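In what follows, a single structure is set out as structure tokens and then discussed.
Numbered from 1 within each chain, the chains take letters A, B, ... in sequence-line order. A quick note: this is a predicted structure, and the numbers were derived from the prediction, not measured.
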Amino acid sequence: MSDDTRDRETPEDAAPDTGGSTSAKKPSAGVDRRNLFKGLATLPVLGALGATAWGKRQADEARRQAIVDELGVSGDAPAIIDRLTSRPPSDRINIGIVGFGGEGEAVVRAAGFPRPAWIEDRREAQRNNSRDTRLDEYLAHGDLNLELTAVCDLFDNRAEGALAASSCETRPGGAPPGRGATRYQRYTEMLESDDVDAIIIATPDHWHAQICIDAANAGKHIYCEKAMTRTEAEVLPVVEAVKQSGVKFQLGHQNRQLESHEKAREVYEKGILGPVTLVETTTNRNDPWGAWVWDIHPDGNPDTIDWAQFQEHAGHDAPFSLERFFRWRCWFDYGTGLGGDLLSHEYDAVNQIMRLGIPKSAMASGGIYTFKDGRDVPDTFQVAYEYPDRDMTLLYSASLGSGRGRGKVFMGHDAAMEVGSGVRVVAEPLSTRFADMIEQDVVDPDRPLLTYRPGFKGLDAVTTATEEYFASRGLLFTYRGGQRVSTHWLHLKDWFDTIRFGGEPACNIDRGFEEAITCHMATMSYQLGRKVEWDPVQQKIV
Amino acid sequence: MSTTPTLTGARLWAMAALRMLIGWHLLYEGIAKLSNSYWTSAGFLADSQGPLAGFYLWLASDPGRLTAVDWLNQWGLTLIGAAMILGVFSRAATLMAAVLLGLYYLGSPPWPGIVVNAPAEGSYLIVNKTLIEFVALIVLWLFPTGRQVGFDSYLSRGGDQ
């Protein structure tokens with residue numbers, strides 16, 4: 001260890017006087033020639049990095065461009081044509097709520113009427129944790145220019161909650177305090193009121209059809225929660241009533257507003273997947289709440305619940321039961337279990353992306369394998385739908401006893417697409433369309449052809465393994481124009497826009513018809529223990 | 001730090017090589033992120049485990065904050081990496097690099113009891129390559145080489161202190 005050791009005792013500590021302590025950076029001859037060399041010695045390293053990085057970037061960019069050119073899918077978020085909500089009082093829409101349970105409250109809150117106690121809870125949460133910004137995000141939603149004027153619920157406690165919401169002072173979008181609603185014991189009285197333009201139906205399913213028909217006949221616009229009806233027999237009367245009345249009907253599939261669904265539709269319509277012969281959809285839950293073992297309210301009793309009215313339109317008579325009232329989804333008397341609750345979401349997503357319509361046949365099976373709590377709807381449920389004129393099968397598979405995510409997959413000959421809150425497309429190794437690109441290493445079947453993550457930076461054709469992993473897990477939030485937005489709010493706004501400006505809601509009565517028949521085919525197949533078919537001439541499941 | 005040790009000969013060149021290689025690593029990480037217009041730290045932040053998970057999730061949950069974090073990472077890595085290769089303000093750059101690496105390490109530390117979701121190419125217990133690189137940066141900070149191999153020699157004495 002010798003020679004240049006002689007730099008010695010921190011020469012720079014003592015004598016940087018050469019360069020001067022301030023400005024001049026010019027080395028002064030002799031001593032600094034060596035320093036110059038040592039400084040310059042670093043440049044080849046930087047140059048080598050620059051040159052190789054540039055070459056790699058050119059290659060990556062060429063690959064990305066080749067994929068984007070081939071696919072013809074834009075990297076941007078789907079175009080959203082937003083219509084401004086005008087806010088003069090004359091344009092105000094008066095709404096009524098029938099059924100202020102969990103979902104009813106969520107929809108009414110999204111419409112701009114939170115219960116004051118809910119606001120307080122959120123404030124408290126924010127006080128305890130300054131990073132909890134859910135209240136701010138909620139209040140940032142636009143004012144839809146509504147008044148909640150009418151409330152109907154068969155349980156006193158919930159009706160009172162809805163009344164409190166109707167006069168809430170803290171509302172999103174700087175909306176003025178609500179002026180307060182009237183409570184009706186029966187929804188029919190609400191429909192007679194001139195003070196109601198539109199109603200939200202969030203009752204158990206066995207009441208949907210009758211309320212829809214009566215509301216349409218009364219000329220009230222309808223936002224109805226899924227499933228649209230409890231039975232097949234109720235479907236056509238609802239469709240006819242809505243079509244004859246001309247009211248705007250929106251089925252409550254708020255997931256229609258997910259950006260990822262719009263993007264998935266674009267991918268499908270561009271034919272990137274090639275012939276799609278199988279679509280697999282799933283529900284995977286592993287907790288009692290997810291299996292409709294919902295809380296029984298301590299105030300619930302025969303004095304506070306109008307049981308007789310609740311039982312109207314139910315499948316069978318039954319004595320007063322808190323379980324049946326608060327956990328109604330567990331019985332076919334009030335709903336259709338997985339068929340109307342979760343299959344309907346999955347089917348609607350596929351119908352939105354592929355415009356499938358009603359299948360030719362359905363074959364379902366399943367059983368009550370986890371929740372042996374007196375329910376009569378299955379907690380494990382599988383359905384195979386056949387679409388021979390589309391050359392494809394739609395599968396639905398549900399478990400309420402295991403939560404392993406299985407996602408929603410569109411299997412095509414050229415590529416497979418997974419859709420969640422994001423979209424991920426992977427080329428098939430033996431694809432015909434991508435054969436040349438795979439051969440040329442432009443497309444790698446082990447990595448996504450493209451991924452789309454809403455709210456972030458759009459579509460990505462070249463990702464690292466780690467990013468691919470993160471993308472595959474989907475994302476936490478739904479964005480519009482960079483802002484976190486509730487899909488309920490978007491779905492309501494879509495409905496109110498059609499009431500104000502005309503046009504058709506995203507999930508109109510035709511989509512509702514398709515959803516109702518398709519779901520009932522699965523339920524009927526399960527109950528009958530055989531394959532059922534849709535007869536389009538007789539308009540009947542046979 | 002009273003006296004800064006002066007390295008010579010093979011020790012000097014080995015230490016300078018370590019500095020430039022870590023600089024290369026960081027600079028290319030920065031360039032790769034800058035040149036990929038779709039890159040975002042959102043996934044890393046949202047998936048974070050460990051002591052800073054709540055903070056990282058908070059960063060990821062707002063587009064404004066996320067943009068700032070992305071920008072700081074892209075340019076921070078690029079400038080720090082270039083400074084370490086060239087030996088310009090190399091001690092300050094080394095220290096900032098150590099801070100960044102520390103934040104990455106704490107984002108998903110391979111500690112017992114913490115389930116790290118992101119795929120790793122090896123098996124780690126407490127110590128992973130990020131932690132080793134972090135400690136290497138501390139060593140580089142204690143044994144600076146920028147004035148002997150690098151442009152710090154042109155800068156005034158304030159340059160790297």
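The side-chain heavy atoms of B:R19 and A:T42, taken from C-beta on, include a pair separated by under 4.5 Å. In this structure, the side chains of B:W58 and A:N129 stay at 4.5 Å or more apart for every pair of heavy atoms. Contact check for A:L40 versus B:F151: side-chain heavy atoms found under the 4.5 Å cut-off. By the 4.5 Å heavy-atom criterion applied to side chains, A:V45 and B:L86 are not counted as neighbours.
The number of heavy atoms from other shown groups lying within 6.0 Å of CZ (A:R127) is above 12.
Put simply, CZ on A:R57 and CG on B:L34 are 9.5 Å apart, with the number rounded to the nearest 0.5 Å. Note: A:L43 CG to B:I85 CD1 = 10.5 Å, rounded to the nearest 0.5 Å.
Closest approach of B:W24 and A:A48 over heavy atoms only: CH2-C, 3.9 Å.
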